[in-house]
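What follows is one structure encoded as structure tokens, with my remarks underneath.
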Amino acid sequence: MGRGIVTSLAKAHIPVVALEQDAQQLEIGKKAVNGLLEREAEKLIKQGLAPGSTLASVRFTLDFADLRDADLVIEAVYENMELKKEIFRKLTSVCKPDAFLCTNTSGLNIDEIASVTKNPHLVIGTHFFSPANIMKLLEVVRGHHTSLTTIATAMNLGKTLGKVSVLVGNCPSFVGNRLLSPYLDQASYLLEEGCYPEDVDKALEDFGFAMGPFRMMDLAGLDIGWRSRMERGLAGNKVPLGTPARQREGKRYCPLADLLCENGRLGQKTGKGWYQYEKLGGRIAQPDPWVKDFLQKYRNTHQIKQRPATPEMILECCLYALVNEGFHVLEDGIASGPEDIDVIYNNGYGWPKYRGGPMYYASTVGLTKVLDVLDKYYKENPDVPSMKPAFLLKKLAMVGEPPLKEWRTQVGNPDSKL
Ligand SMILES: CCCCCCCCCCCCCC(=O)CC(=O)SCCNC(=O)CCNC(=O)[C@H](O)C(C)(C)COP(=O)(O)OP(=O)(O)OC[C@H]1O[C@@H](n2cnc3c(N)ncnc32)[C@H](O)[C@@H]1OP(=O)(O)O
Ligand SMILES: NC(=O)C1=CN([C@@H]2O[C@H](COP(=O)(O)OP(=O)(O)OC[C@H]3O[C@@H](n4cnc5c(N)ncnc54)[C@H](O)[C@@H]3O)[C@@H](O)[C@H]2O)C=CC1
């Protein structure tokens, strides 16, 4: 269903058919969408405007055949490639031959999803951000076969929904989540080394993020990353026997999020994650003594050397890891320029806008400083390759740190995925 997405479409007066897998989920989804639309109507009335859209523009169904007349479909099932393919096989047989087929995956391969359809040129990633009815970003992910008409349609859809759309290339986790991954890794290492979720979140919220990484993971749902890691053989029963708990393929790995998921702690939706919440789906994050105890036991079990972290260290580890991946994204031609990465972070991840986005922020810190800190960290932690300074960062520092608008020239001509 994708409740936030359905709400966004209804708010924009686009008639929607919302499909679910069973009657219970359908009822839960219907209530949730209704609640969000009522809230929207209240806000409009307060502003002296007409209440706008109601549930009447949404048709709820369990039957794929009801999608037969849809011009555009947005799939939002669990983050699992086989399931996504199963859904796209059904869509390609049920929908009109010229229907646009969009996937709201967080990072799965668009081309592989498109490969099971009759018309791969009509398949595209439309990546929304949680809460999807609130967050302004739409990351539009083009696949190898995606046509210009399909891209234009997805970009236009974003505009109609009042969102800021950014076109990106297809690679694991695209742009936003690709940068997020080393940022979240660093945040997790800090927990291993003595911090608590609230310490790390406070440092990043004081920096200006709307939510620190742990509150954000609890909001999005810890199961997304977990499902992705299980598919990639990093977690769950695909991990080869004898693999050290804190290592994968010779690199440092933090299993804390997996352990939380195994304990049924998926975040706000289960009322427990990195924090505890007042109820299932609650939003008020409170530090949880269970988590504190769990972390202490984990550190003892693995005899992890404790490293007291100042807020400055927390910021450097997390933010420079994120920025470094941004340079790799530019090298790989996945984003058209640093400005696009900044727009993604300002509109999709609650980045403090007044700091201009992560790439602009790096330029204000000074690329040489970012490079030096990354270099030092990587020398001390060669098992964390995401901290190895990107070639582009080194090059920009070496040529005298040109302003952001000149970075594209320095990137040269990558094999653009756009
Ligand atoms: C291969 C797979 C990828 C793996 C890569 C590794 C990554 C690991 C996985 C991570 C998950 C990835 C998921 C994904 O694909 C991308 C994401 O969506 S990441 C999440 C991005 N979102 C954020 O970062 C949110 C940041 N927070 C904010 O911007 C604000 O805090 C927020 C807008 C949520 C709230 O604003 P605030 O001013 O703090 O509060 P208000 O009370 O004013 O609320 C404004 C508005 O928002 C509604 N709201 C608040 N909290 C929630 C909530 N918890 N859930 C839903 N809605 C919420 C609130 O009701 C208000 O709505 P109104 O209608 O205006 O009243
Ligand atoms: N939660 C988030 O912050 C974001 C999630 N996404 C992506 O959206 C997708 C869904 O994630 P969530 O919304 O978190 O998951 P969720 O668990 O909240 O929702 C998944 C929905 O899919 C339904 N579903 C499962 N199998 C189905 C089937 N065979 N037919 C019809 N419906 C089926 C489930 O009933 C459920 O309502 C994933 O690909 C995720 O990566 C993308 C951006 C943000």
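Whatever order the structure lists ligands and atoms in, that order sets their numbers, starting from 1.
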Enumerated ligand 1 atoms positioned under 4.0 Å from heavy atoms of Arg39: 63 (P), 64 (O), 66 (O)

State the atoms of ligand 1, each with its element, that fall below the 4.0 Å cut-off from a heavy-atom position in Phe129. 16 (C), 17 (C), 18 (O)

Once you measure the plane-to-plane angle for Tyr345 and Tyr349, does it fall in the parallel (<30°), tilted (30-60°) or perpendicular (>60°) bin? parallel

Polar atom proximity, Glu40 to ligand 1 (N or O, under 3.5 Å): no

Residue, atom name and distance, where the atom is the protein heavy atom closest to atom 19 (S) of ligand 1: Tyr349 CE2, 3.9 Å

Side chain, backbone, both or neither: the part of Met217 lying under 4.0 Å from ligand 1 by heavy atom: neither

Charged tip of Arg299 within 45° of Tyr196 ring normal and under 6.0 Å: yes

Are any of the N/O atoms on Lys43, whether in the backbone or the side chain, positioned under 3.5 angstrom from an N/O atom of ligand 1? yes

Out of Phe128, Phe129, Tyr78, indicate the one that has the non-hydrogen atom closest to atom 43 (C) of ligand 2. Phe128

Does any N or O of ligand 1 fall below 3.5 Å from an N or O anywhere on Glu79, backbone included? no

Ligand 1 N/O within reach of Asn177 N/O, cut-off under 3.5 Å: yes

My understanding is that we take every heavy atom of each candidate and find the minimum distance to atom 3 (C) of ligand 1. Doing that for Ser173, Gly212, Ala285, Pro131, which one comes out nearest? Ser173

Counting heavy atoms only, which of Ile134, Ile224, Asp185, Leu108 comes nearest to atom 47 (O) of ligand 1? Ile134

Who's closest to atom 29 (O) of ligand 1 heavy-atom-wise, of Glu38, Met135, Gln268? Met135

Hey, is atom 15 (O) of ligand 1 under 4.0 Å from any protein heavy atom? yes

Ligand-side contact atoms (ligand 1) for residue partner Gly348, heavy atom cut-off under 4.0 Å: 21 (C), 22 (N), 23 (C), 24 (O)

Report yes if Ser130 has an N/O atom closer than 3.5 Å to an N/O atom of ligand 1; otherwise report no. yes

Hey, which atoms in ligand 1 end up nearer than 4.0 Å to a heavy atom of Leu219? 25 (C), 53 (C), 54 (N), 55 (N)

Considering Pro213, Ser228, Gly4 one by one, which has a heavy atom nearer to atom 1 (C) of ligand 1 than any of the others? Ser228

Salt bridge or not between Glu79 and Arg227? Use side-chain N to carboxylate O under 4.0 Å. no

Is atom 35 (C) of ligand 1 near the protein, in the sense that some protein heavy atom lies at less than 4.0 Å from it? no

Protein heavy atoms near atom 13 (O) of ligand 2, is at least one of them under 4.0 angstrom away? no

Looking only at distances, please establish whether an N/O atom of ligand 1 is found under 3.5 Å from an N/O atom of Ser181. no

Of all the non-hydrogen atoms in the protein, which one sits nearest to atom 59 (C) of ligand 1, and at what distance? Arg283 NH1, 3.4 Å

Please verify whether a non-hydrogen atom of Arg215 lies at under 4.0 Å from ligand 1. no

